[in-house]
Amino acid sequence: ALSREPLSRYQNVYLLGYSIGGHSILRAAADGLPENVRALSVISTPFDLALSQAHIDAPPQLIYRRYLLSLLNRLYQSESRRGMLPEPPEALARVESLRDYDAVLAAQRPGALESVDAFYHDASARWVLHQIDKPVLAVISPTDPMIPPEAIETSVAEHTDRVDLRWPAGGHIYFPDNTDLGEPGPKGLIRQVITWWNRVAPPS
């Protein structure tokens, strides 16, 4: 998409991704992005899928986990009716953990890996951060119900030169209107992100 019209016409492109969307642009950046991409910002993004899965499947997260699995099942069924996904396996309706849900789906993939652990490792952005040559801003709430702070800290510990990590109050992809990332200028998540972009990777 970035190498085609109309995006290819822009001299300066900045990428912003929420949750798994952020994970997707990190993986894309590790594989190599066009030169006109100046910087990336990821919001509420898991870097290590295994650590986030373990957190969601922990006993204190029971209510949130049930809600999440119910939502995932509804989305899967909706996409399968549109012909975007195969019919949902019967096993999906019975799973009670995110790990089991992922294991069922991973087993359906062409050339499926030996285990869900192998899938998590192969898919996680954590292990390819060293390949990213663009500035990265990561915005994570310390009370995010899906991503424990220690998982983020562990994931980026060896890459602090590549990932600028900020910890404003909020939730998962939710932040107050007056969010302050420590950047000068107007408050608010997107305004602060844009200020960061202009500071670390100004338009050429």
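Since this is a predicted model, take the numbers as computed values, not measurements.
Both Val42 and Leu165 are part of a single hydrophobic cluster, where members link through side-chain heavy atoms under 4.5 Å apart. Under the 4.5 Å side-chain contact rule for hydrophobic residues, Leu129 and Val139 do not share a cluster. Both Leu72 and Ile147 are part of a single hydrophobic cluster, where members link through side-chain heavy atoms under 4.5 Å apart. No continuous path of hydrophobic side-chain contacts links Ile173 to Leu49 [ILVMFWY only; heavy atoms under 4.5 Å]. Placement of Ile194 and Ile43 within a single hydrophobic cluster is found when ILVMFWY residues are connected by side-chain heavy-atom separations under 4.5 Å, directly or transitively.
Annotation: side chain of Leu137 is not in contact with side chain of Val200 (no heavy-atom distance under 4.5 Å). Side-chain contact between Gln77 and Leu92 is absent, with no heavy atoms from C-beta onward closer than 4.5 Å. With a 4.5 Å cut-off on side-chain heavy atoms, Trp127 and Phe47 do not count as touching. Within the 4.5 Å cutoff, no side-chain heavy atoms of Asp164 are placed close to those of Val136. The shortest distance between side-chain heavy atoms of Ser124 and Phe119 does not fall below 4.5 Å. By the 4.5 Å heavy-atom criterion applied to side chains, Tyr76 and Leu105 are counted as neighbours. Leu33 places a side-chain heavy atom less than 4.5 Å from the side chain of Leu40. The shortest side-chain heavy-atom distance between Trp197 and Leu16 falls under the 4.5 Å cut-off.
For the pair Ser155 (side chain) and Ala151 (backbone), a donor-acceptor distance under 3.5 Å is present. Checked by atom type and distance alone, the side chain of Thr143 pairs as donor or acceptor with a backbone atom of Gly170 at under 3.5 Å. Ser24 places a side-chain N or O within 3.5 Å of a backbone atom of Ile20 that can act as its donor or acceptor partner. A donor-acceptor pair is defined here as one N or O able to donate and one able to accept, closer than 3.5 Å; such a pair exists between the side chain of Thr179 and the backbone of Pro176. A donor-acceptor pair under 3.5 Å links the side-chain atoms of His23 to the main chain of Ala125, judged by distance alone. Looking at Arg65, its side chain never comes within 3.5 Å of a backbone N or O of Leu98 through a donor-acceptor pair. Remark: the backbone N or O of Lys187 is paired with a side-chain donor or acceptor of Arg191 at under 3.5 angstrom. A donor-acceptor contact shorter than 3.5 Å is absent between the side chain of Ser80 and the backbone of Glu87. A distance-only check finds no donor-acceptor pair linking the side chain of His55 to the backbone of Pro149 [under 3.5 Å]. Asn36 contributes a side-chain N or O that, together with a main-chain N or O of Tyr10, makes up a donor-acceptor pair within less than 3.5 Å.
Remark: Leu71 CG is packed, more than 12 non-hydrogen atoms of other residues, nucleotides or ligands lying under 6.0 Å away. The environment of CD in Glu153 is crowded: more than 12 heavy-atom neighbours from other residues, nucleotides or ligands sit within 6.0 Å. Applying the 6.0 Å contact sphere to CD of Glu150 captures more than 12 heavy atoms from other residues, nucleotides or ligands. Atom CZ of Arg199 has more than 12 neighbouring heavy atoms from other residues, nucleotides or ligands inside a 6.0 Å radius. The environment of CD in Glu96 is sparse: at most 12 heavy-atom neighbours from other residues, nucleotides or ligands sit within 6.0 Å. Within 6.0 Å of the CG atom in Asp31, the count of heavy atoms belonging to other residues, nucleotides or ligands exceeds 12.
In terms of heavy atoms, Ser44 sits closest to Pro46 at O-CD, 3.8 Å. In plain terms, the two heavy atoms of Pro202 and Tyr14 that are nearest each other are C-OH, 3.7 Å. Ile132 approaches Leu26 most closely through the heavy-atom pair CD1-O, 3.6 Å. Minimum interatomic distance between Ser41 and Val193 (heavy atoms only, all atoms of both residues): OG-CG1, 3.4 Å. Residues Val104 and Ala91 approach most closely at CG2-CB, 4.0 Å, considering heavy atoms. Across all non-hydrogen atoms, the minimal contact from Gly17 to Thr45 is O-OG1, 3.9 Å.
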Practice prompt. Begin from the C-alpha positions of Gln53 and Asp57 and carry the test side chain to side chain donor-acceptor pair (under 3.5 Å) through to its verdict.
Written response: CA-CA 6 Å; Gln53 169 267 311; Asp57 283 343; 2.8 Å; yes
Worksheet item: Could you go step by step and tell me if Leu2 and Leu15 meet the side chain to side chain contact (heavy atoms under 4.5 Å, CB included) rule?
Response: CA-CA 10 Å; Leu2 291 169; Leu15 300 183; 4.2 Å; yes
Discussion item. Run Arg94 and Asp100 through side chain to side chain contact (heavy atoms under 4.5 Å, CB included) and show every step you take.
Written reply: CA-CA 9 Å; Arg94 299 191 300 270; Asp100 288 345; over 6 Å; no
Practice prompt. Apply side chain to side chain donor-acceptor pair (under 3.5 Å) to the pair His172 and Ser19, showing each step before the final yes or no.
Written response: CA-CA 8 Å; His172 187 69; Ser19 192; 3.0 Å; yes
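Between Glu79 and Arg74 there is no salt bridge, since no side-chain N of the basic residue sits under 4.0 Å from a carboxylate O of the acidic one.
Under the side-chain hydrogen bond (donor to acceptor under 3.5 Å, both in side chains) criterion, Glu90 pairs with no residue, sequence neighbours left out. Applying the side-chain hydrogen bond (donor to acceptor under 3.5 Å, both in side chains) rule to Arg99 yields the partners Asp117; only residues at least two apart in sequence or on another chain are considered.
Atom OG of Ser97 sits about 11.0 Å away from atom CD1 of Ile56, to the nearest 0.5 Å. The OG atom of Ser204 sits 4.0 Å away from atom CG of Asn12, with the distance rounded to the nearest 0.5 Å. Atom CE of Met146 and atom CD of Gln61 lie 9.5 Å apart (nearest 0.5 Å). Taken from CH2 in Trp196 to CG in Leu181, the straight-line distance is 10.5 Å, to the nearest 0.5 Å. The distance from atom CG of Asn198 to atom CZ of Arg38, rounded to the nearest 0.5 Å, is 10.5 Å. Of the inter-residue distances, the one linking Glu183 atom CD with Arg166 atom CZ reads 4.5 Å to the nearest 0.5 angstrom.
Between the side chains of Asp48 and Tyr120, no donor N or O sits under 3.5 Å from an acceptor N or O.
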